[in-house]
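Everything below concerns the one structure shown next.
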There are 2 protein chains.
Amino acid sequence: MSERRTQILDAAATLISERGFTSTSVDDVIKGAKLSGKSHFYHYFKSKEELGYEVLNRQFERFAERGLAILREPMIDPLERLSLFIDAVVALQSESGGRRGSPFGNLAAELADAHEGFRVRIEAVFERWASQIRSLLWEARPQLQDDVDAVRLSRFIIAALEGAVLMTRVKRDLSVLEGIAADLKRFIGMHVRDGAAMPTHRNLE
Amino acid sequence: MSERRTQILDAAATLISERGFTSTSVDDVIKGAKLSGKSHFYHYFKSKEELGYEVLNRQFERFAERGLAILREPMIDPLERLSLFIDAVVALQSESGGRRGSPFGNLAAELADAHEGFRVRIEAVFERWASQIRSLLWEARPQLQDDVDAVRLSRFIIAALEGAVLMTRVKRDLSVLEGIAADLKRFIGMHVRDGAAMPTHRNLE
DNA sequence: TGCTATTAGGACCATACGGTCCTAATTTCT
DNA sequence: AGAAATTAGGACCGTATGGTCCTAATAGCA
């Protein structure tokens, strides 16, 4: 992938996560990526829509590398990994200073009803995310109670995190996310078998 | 409040919850409310922004009447009320056929970073919502464990519900919300004192 | 009867938007 | 050296947007 392209993608990702897709104009992206003009931009992307799709892809890849990867670390206990992953989401959010949410939640809220193309792609993102958690739960199943529903629990985790990021953004207070993350860990701990100890779960507070 | 005004507000509320604020044009609202033209609209609202603020107010009032009111029902056990409230959120969502989210979550995601005026107002909405839950939890405190943090728990409930509504909208599958609602009740049940029984908590599934 | 609020309808404006087209200079690679 | 890709810059277009202004018909009310 040409360097310019990724440069454009990065600039667009920042702008979109700050202002949303609709409110980010192609001219904004051109300024942000320091291109010479419209034709320069349209040399790399055939439309703003395509730009949006590729930004979403890239955001997911980054999230997969920096977040989801933790869920697959082979040397760590699965439930410990899940806890670390939740910490990573908090860390990722604090990088942007409480501002700007999970890029998926943003786009989801903005475009889920309005733009089918985006809706489908965001659905796929959530599905891939959920599937990572599901296989982690499957791996942890010896430590979990028999009646744990991995599909439901994985959705719950994602929803709680997305909702938390949203609230954090609105309140501009990272401690909202931190509190919810801690509670979410407690909720997960609730599904651990009586015998198996929950891994060193740092209850902040 | 004149009838026309509420008519405009209703039309705008529908459009905004479907397409978002930015993507809803004043002309769309005029068509939706069957006004005669721009001047007719600007006779009632001095700007689109003001319209947005009042729509948000109205949406909150409706939510307060149809949802939050349950939290204050004097004759029902507080924890039972909380459970009923969660059911009400699910019901409210299913009315719109899975489409269109909690109007607050929508606006929050779209405008929290971009528009300070909206951000502040949405923050106030969340705060009033959270405060209702907090006083319910205070009322229920004899049944709850001593270490229950009402501030955190109320935030958790709201975040989980908002996240759930978002995911439901993306997946176009109401069962997502239903599952998360059920899990959320279980999480709340986790804070009940060992002695006190959790009120008839209908675990769907 | 008059005054005011509402309804109606349209012209108009500046700005912004996504997108196309064209020309030409500059790199990069073969 | 020469072809192909990249960078540069600008004119242009159709459409949409929020908003203003003006005129006039119709209701409602004192």
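- Side chain B:Ser39 to base C:dG9: a donor-acceptor pair is found below 3.5 Å.
- Using a 4.0 Å heavy-atom criterion, one finds that A:Thr22 contacts no nucleic acid atom at all.
- Under 3.5 Å, the side chain of B:Lys38 and the base of C:dG10 form no donor-acceptor pair of N or O atoms.
- Evaluation of the side-chain hydrogen bond (donor to acceptor under 3.5 Å, both in side chains) rule for A:Ser39 yields no partner, not counting sequence neighbours.
- Side chain of A:Arg119 to main chain of B:Val170: a donor-acceptor pair is present (N/O by atom type, distance under 3.5 Å, no hydrogens or angles).
- B:Arg58 forms no cation-pi arrangement with B:Tyr53, by the criterion of a distance under 6.0 Å to the ring centre and an angle within 45° of the ring axis.
- Rounded to whole angstrom, the span from the CZ atom of A:Phe21 across to the P atom of C:dC17 amounts to 13 Å.
- Checking the phosphate oxygens (OP1, OP2) of D:dT7, a side-chain nitrogen or oxygen of A:Arg4 falls inside 4.0 Å.
- If you take NZ of B:Lys31 and C1' of D:dG18, they are 14 Å apart, rounded to a whole angstrom.
- Taking atom NE2 of B:His40 as the reference point, atom P of D:dC21 lies 19 Å away to the nearest angstrom.
- What separates NZ of B:Lys34 from P of C:dG9 is a distance of 14 Å, to the nearest Å.
- Listed nucleotides D:dG18, C:dT20, C:dT7 differ in distance to A:Tyr42; the shortest reach to its side chain belongs to C:dT20.
- Summarising the geometry, the separation between CD1 on A:Ile30 and P on C:dG19 is reported as 11 Å, rounded to the nearest angstrom.
- Atom-to-atom, CD of B:Gln7 to P of C:dT7 comes out at 9 Å; the value is rounded to the nearest Å.
- As a whole-Å value, the separation of A:Phe45 CZ from D:dT6 P is 12 Å.
- Note: CZ (A:Phe41) to P (D:dA5) measures 20 Å, nearest angstrom.
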